[in-house]
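So you know, we letter chains A, B, ... as the sequences are listed, proteins then strands, and number each from 1.
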Number of protein chains: 2
Amino acid sequence: MNQQRPQKKTTIYDLAELAGTSASAVSAVLNGNWKKRRISSQLAEKITRIAEEQGYAVNMQASLLRREKSRIIGMIVPKYDNRYFGSIVETFEIMARARGLFPIITCTLRDPDLEIEAARTMLSYQVEWLISTGATDPDRITDICLAAGTRSLNLDLPGTKATSIISDNFAGARELTKRTLINVEQKSGAMAPLLFIGGRGSDHNTAERIRGFRMAHQDLGVPIEEHHILACGYAPEKAAQALSAMAASEGSVPRGMFVNSTISLEGVMRWIKSSPLFDAAPPIIGCFDWDPFVALLGHDIEMARQDVPGMLTAAFDIVEKGSGDTGKLIEIPPLFA
Amino acid sequence: MNQQRPQKKTTIYDLAELAGTSASAVSAVLNGNWKKRRISSQLAEKITRIAEEQGYAVNMQASLLRREKSRIIGMIVPKYDNRYFGSIVETFEIMARARGLFPIITCTLRDPDLEIEAARTMLSYQVEWLISTGATDPDRITDICLAAGTRSLNLDLPGTKATSIISDNFAGARELTKRTLINVEQKSGAMAPLLFIGGRGSDHNTAERIRGFRMAHQDLGVPIEEHHILACGYAPEKAAQALSAMAASEGSVPRGMFVNSTISLEGVMRWIKSSPLFDAAPPIIGCFDWDPFVALLGHDIEMARQDVPGMLTAAFDIVEKGSGDTGKLIEIPPLFA
DNA sequence: CACCGTTGCTCAATCGATGAAGCAAGAATT
DNA sequence: AATTCTTGCTTCATCGATTGAGCAACGGTG
C-alpha cells in the first residue's frame, strides 16, 4: 500500500466552506488577531477545531507575499565540518527561533561563486537580514544586499561595508601565545619561539593572530623567527606539507606551536604522529579553536575557544535594534578553559 | 553614513515599465522560457540587461505561490555538533542543489516537540519532501506529512510509515566487533569479550548493533558478559558515569570496548584519561562512527564510518523516482578504513 | 419610533509572478 | 486580392492569505 498521494492542500477557503463562514474570518482566527477583528470566540473555536481536524498548515508563500515583513533571516556558512561552524549554525537557529524569526542556512563550501549565488537565492526568499559567516568576499555580498534593500552582517571574517562581528583575534592570539610560551618554558626548561602554522596571510583573522603572536613574543622578550611563520592555508594537507618541508630543510621543527585552527591541527597532528622528531618529547601546542577530542589527544594542547554565543548575541542585538553602522567592527574575546 | 535604507524591492512591473514592455514578457524572459513564449531575443537581451542593472531578484514567495511545485526539500536533524550529522547536512545540501532543489534544514536538539513544530513549519513552506534525520518519533512526522500530502523519508533512524534509509547496523557492528576482538587478541595475547557502551536500548540502531555485537562474539566463540552491555544513553557524561560505576563495583573494566558513537566516545576517553586502570595497557576500542581526531588519539581505535554519501544517494534516488513504499528499510553498509 | 453605537461578520483589492488565451501586424500561400 | 500562418507581443485570471472598508442586526437612548 502506498499512501504517498500528492493530494491537494487544504486552504482557508476549504476551511471556510466547512465552517460555513468566510475565508477572511478563517484567516483572522488562525493568525491570532481575531479579537482585533471582532470574531466571536464561538466561531474562533469552531474554526480552530476544523483546522486541526484537517491538518491545515498556512501557505507561507501566500502569507509572506501579502505581509510586508518576512521574518526570515538567512545565514551563509562555509562548511559544517568542524565544531566552530557547527556551533555557530546551531546557536543561530536557536536564537533566531527564540526571536520569532525563521532561520535559513546554506553552506558555500568556501566557493566564492557559490557564496554569491547563495546570497542571491536568499534575497529571492525575501530574507530581512543576511549574515555572511567566514565569507571570502563579504563586501560583494553586502553590495548585493544593499541593492535589494536587505540588511547584512559579517560574522567571523570582517568586511568594510557592513557591521562585522568577529573574535578578538589579536588579544586572543596574544594570550594563547603567552600561555603556550609559558608551557614550553615549564616543560622544556627554557623559553623558545613558537612556530605559527595554518591560515591564509591574506585573511584578516590570520593577520591579526600573527600580530598577537608577535606581540606575545615581544611581551615575554622572546625573539621571533620570521621563517617560522607559516600561513600555508587551513587545509590539513597544507599544514602537513609545510611541516615536512621545514623538517626536510632545517632538520627540526620547534617544539612549541601556534596552530591557527582545528582544521590545520588535524594535519599537524597527523604529521607529528608520522614523524620521529617528537618521539622523545611531545609537541607543546596552542590551538586557536576548540574541539572536544583535541583535549583528549594526551599532549599539551591549549585551546582558545571562540565565544560563539557571545558573537551571536551581539549579532542579534544589531538585528533587533534595526540596523548597524557601515563597517563597524565588534570584537568578542575568545575563552580559555 | 548608514546605507541600510529599507528600500522597496524591484518587481517585474518596475522592470516592465523601464523596458517599455509588459510584466508578462519580463517574467518570461527572466525565468528562461522566453523562446517558448516567442519573445524576440532583442527584447530578451534588453530586459536581462535592465534586470541586472537594477539588481533584480525574483520574489520566490510570489513565484512559488503561482507554480504547482515548490522544488523545496526539507530536512530535520538533531544537532550539528558531530561529524556524522555535519556531513549529512553538507552532503544533503550539495546533492539537493545538484538536482535543482532548494534545501532547507532545521535542527531540533533531540526535542520531540521541536521536531513536530519543525515539521509543521516545513510544511508551511510547501516542501515537496521532508527527510527526518535521527528523529525520536519519525512515524508522527510521517503522519503529519501524509495529512498534508507531502512525502517523507526517514534517515539514520527508521520508522514504520515511510521508507527509511539507515546504516547496516547489524552487519557493521558485527564486523567492527570482530575487528576489535581480533585487535584484543593481538595486543593482549588472548581473546576476551568486549564491553558495549553508549546508545539507548530502545532505539533501533542500538538494538541492531547489540545484535551484531553478540553475533560477532558467537562467530569467534567468545562468550558474552551480559552485564557488560551498557546502553546508558549517548551523552558523554552518561558513558563516563556508567564506566566509573562499573569500575567501582567490579574493580576493573574490560580492555576491549565497543563504543556506540563518537559522542559517547568523548565521555569514555575522558574517563579513561582520568582513571589509573589503563595506565599500563591502553584500551582497545571499536567506535561505531567516525571523527578525524579520534584517529589521532594514539590508541588502538577502529572506526566504522557511516556511508553518508551512500545513504543520501539512496535518499535522492527515491525522491527522484517520485515515491517509496511505506515502511521499506534500506540498509547501507558502513565503511572501514 | 428614529437614531446611534456596538458586535460580528463578509467583500473585494492586494501582494508579485505566471501562463493560457487573444490580438495585431507582417509574411507566405493560393 | 483574399486567406492563412507566423511572429511578437499584451491582457487578465490565478495562486492563498491578509486587511481596510463596509454592512446587517441588535441593544440602548432620547
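- Rounded to a whole Å, the CG atom of B:N31 is 11 Å from the P atom of C:dA17.
- In the set D:dT11, D:dA17, C:dC9, D:dT11 carries the atom at the smallest distance from any side-chain atom of B:S22.
- The distance between atom CD of A:E68 and atom P of D:dA17, rounded to the nearest whole Å, is 17 Å.
- Taking the side chain of A:R67 as heavy atoms from C-beta on, and the options C:dG16, D:dC9, D:dT18, the nearest nucleotide is D:dT18.
- No more than 12 heavy atoms of other residues, nucleotides or ligands lie within 6.0 Å of CZ in A:R140, so this atom counts as exposed by the packing criterion.
- One can place CH2 of A:W34 at 14 Å from C1' of C:dT7, the figure rounded to the nearest angstrom.
- For the pair A:K35 NZ and C:dT7 C1', the interatomic distance rounds to 14 Å; values are reported in whole Å.
- Taking atom OH on A:Y125 and atom P on C:dC15, their separation rounds to 22 Å, with Å as the unit.
- Between D:dA17 and A:Y56, a contact under 4.0 Å exists linking OP1 or OP2 to a side-chain N or O.
- One side chain, B:Y84 or B:D156, offers a donor N or O that lies under 3.5 Å from an acceptor on the other.
- Remark: P of C:dA17 and CG of B:N33 are 15 Å apart, rounded to the nearest angstrom.
- Mapping B:A62 and B:R38 onto DNA chain D by nearest heavy atom places B:R38 at the nucleotide closer to the 5' end.
- Rounded to a whole Å, the CG atom of B:L65 is 9 Å from the C1' atom of D:dA17.
- Each of A:Y13 and A:S40 was assigned the nucleotide of DNA chain C with the nearest heavy atom; the assignment lying further toward the 5' end belongs to A:S40.
- Comparing atom distances between the A:S27 side chain and each of D:dT19, C:dA17, C:dG19 picks out D:dT19 as nearest.
- Distances from the side chain of B:A25 to the nucleotides D:dA17, C:dT10, D:dT10 place D:dT10 closest.
- Side chain of B:L43, nearest nucleotide from D:dT18, C:dC9, D:dC9: D:dC9.
- Looking at A:S24, its side chain comes within 3.5 Å of the base of D:dT19 through a donor and an acceptor atom.
- At whole-Å resolution of the value, CZ in B:R37 and C1' in C:dG19 are 5 Å apart.
- Shown here is B:E53, whose CD atom has more than 12 heavy atoms of other residues, nucleotides or ligands within 6.0 Å.
- The minimum heavy-atom distance linking A:E93 with B:I105 is given by the pair OE2-O, 3.6 Å.
- Stacking of A:R200 on the aromatic ring of A:Y234 is not recorded, the 6.0 Å distance cut-off and the 45° axial limit not both being met.
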